[in-house]
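Have a look at the structure below before the remarks.
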Amino acid sequence: MTIETIFNECLLKKNEPTTDIVKAEGIITTVFLKESSLQKNKNEIEKLLKKIPDNFQISIKDTKWTSSHQKLEKLFQLGIGIGTINVIRVNGELYHIINNQ
């Protein structure tokens, strides 16, 4: 499965129940994801996250925002949804920390 396929399956759509959802703050966007779909895809999301190098960094200030960056944002939001990525703010900057990689 691709990041896009998993993300679209997990993304809360209009007129869907808003119970059991997870808010995932990305670098550019904030989305709401369905907990049941996240759990269904958890193993695949974890496999995709393990492909990210340990020293990976991305900054909206330093980088032209491309479709590759948008895919990574979606992957990070999926990681937030399953609890593998924590989000912290330091001096107004947003950081995504990958746990247990």
Side-chain angles (χ1 to χ4, degrees):
M1 276 190 149
T2 67
I3 295 169
E4 289 290 329
T5 302
I6 296 169
F7 185 83
N8 287 332
E9 182 179 326
C10 295
L11 187 64
L12 183 69
K13 314 287 187 307
K14 280 185 177 183
N15 302 321
E16 287 186 317
T18 56
T19 55
D20 299 319
I21 59 169
V22 177
K23 180 181 177 180
E25 185 177 4
I27 296 170
I28 299 292
T29 62
T30 298
V31 296
F32 294 93
L33 304 168
K34 298 177 280 193
E35 179 71 33
S36 58
S37 296
L38 287 166
Q39 291 311 309
K40 177 183 164 195
N41 291 289
K42 184 175 181 175
N43 290 337
E44 190 65 30
I45 295 167
E46 288 174 340
K47 285 180 195 174
L48 291 166
L49 286 168
K50 286 183 180 183
K51 294 180 181 181
I52 297 173
D54 288 340
N55 62 348
F56 178 80
Q57 294 181 12
I58 188 171
S59 170
I60 192 166
K61 291 180 187 176
D62 303 330
T63 309
K64 181 180 177 191
W65 205 245
T66 67
S67 62
S68 295
H69 294 99
Q70 292 167 352
K71 281 184 188 174
L72 280 171
E73 178 179 42
K74 289 176 181 178
L75 178 57
F76 276 47
Q77 288 169 317
L78 292 168
I80 292 165
I82 62 170
T84 302
I85 294 184
N86 292 327
V87 178
I88 60 170
R89 282 194 185 273
V90 177
N91 296 326
E93 291 285 325
L94 189 68
Y95 294 89
H96 293 84
I97 310 299
I98 302 174
N99 303 317
N100 303 322
Q101 194 172 33

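Values below: every heavy atom of this structure, side chains too, minus hydrogens, waters and symmetry copies.
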Item to complete: Provide the closest heavy-atom pair for Phe7 versus Leu33 in the form atom of the first, atom of the second, distance.
Response: CE1-CD2, 4.2 Å
Item to complete: Only counting residues at least two apart or in another chain, list the ones meeting salt bridge (Lys or Arg N to Asp or Glu O under 4.0 Å) with Glu35.
Response: none
Fill in: Test side chain to side chain contact (heavy atoms under 4.5 Å, CB included) applied to Thr19 - qualifying residues, sequence neighbours left out
Pro17
Fill in: Worked verdict on Gln77 versus Thr29 for side chain to side chain contact (heavy atoms under 4.5 Å, CB included)
CA-CA 9 Å; Gln77 288 169 317; Thr29 62; 3.4 Å; yes
Fill in: In one Ile/Leu/Val/Met/Phe/Trp/Tyr side-chain cluster, 4.5 Å: Ile3, Leu72
yes
Discussion item. Under 4.5 Å between side-chain heavy atoms, counting indirect links through other Ile/Leu/Val/Met/Phe/Trp/Tyr residues: same cluster for Ile28 and Leu12 or not?
Written reply: no
Only pairs under 3.5 Å count here: list side-chain donor-acceptor contacts from residues 40-48, not counting sequence neighbours, and write none if there are none.
{"from": "Lys40", "atom 1": "NZ", "to": "Glu9", "atom 2": "OE2", "distance (Å)": "3.0"}
{"from": "Asn41", "atom 1": "ND2", "to": "Glu9", "atom 2": "OE2", "distance (Å)": "3.2"}
{"from": "Asn41", "atom 1": "ND2", "to": "Ser37", "atom 2": "O", "distance (Å)": "2.9"}

Worksheet item: Looking only at heavy atoms, what is the nearest atom pair of Ile21 and Phe32, with distance?
Response: CD1-CD2, 3.7 Å
Item to complete: Tell me whether Val22 is reachable from Ile82 by hopping between hydrophobic residues (I, L, V, M, F, W, Y) whose side-chain heavy atoms are closer than 4.5 Å.
Response: yes
Worksheet item: Any idea which heavy atoms bring Leu49 and Leu75 closest together, and the distance?
Response: CD2-CG, 3.7 Å
Worksheet item: Ion pair present between Lys74 and Glu4, side-chain N to carboxylate O less than 4.0 angstrom?
Response: yes
Worksheet item: So, does Lys13 use its side chain to make a donor-acceptor pair with the main chain of Leu11 at under 3.5 Å?
Response: yes
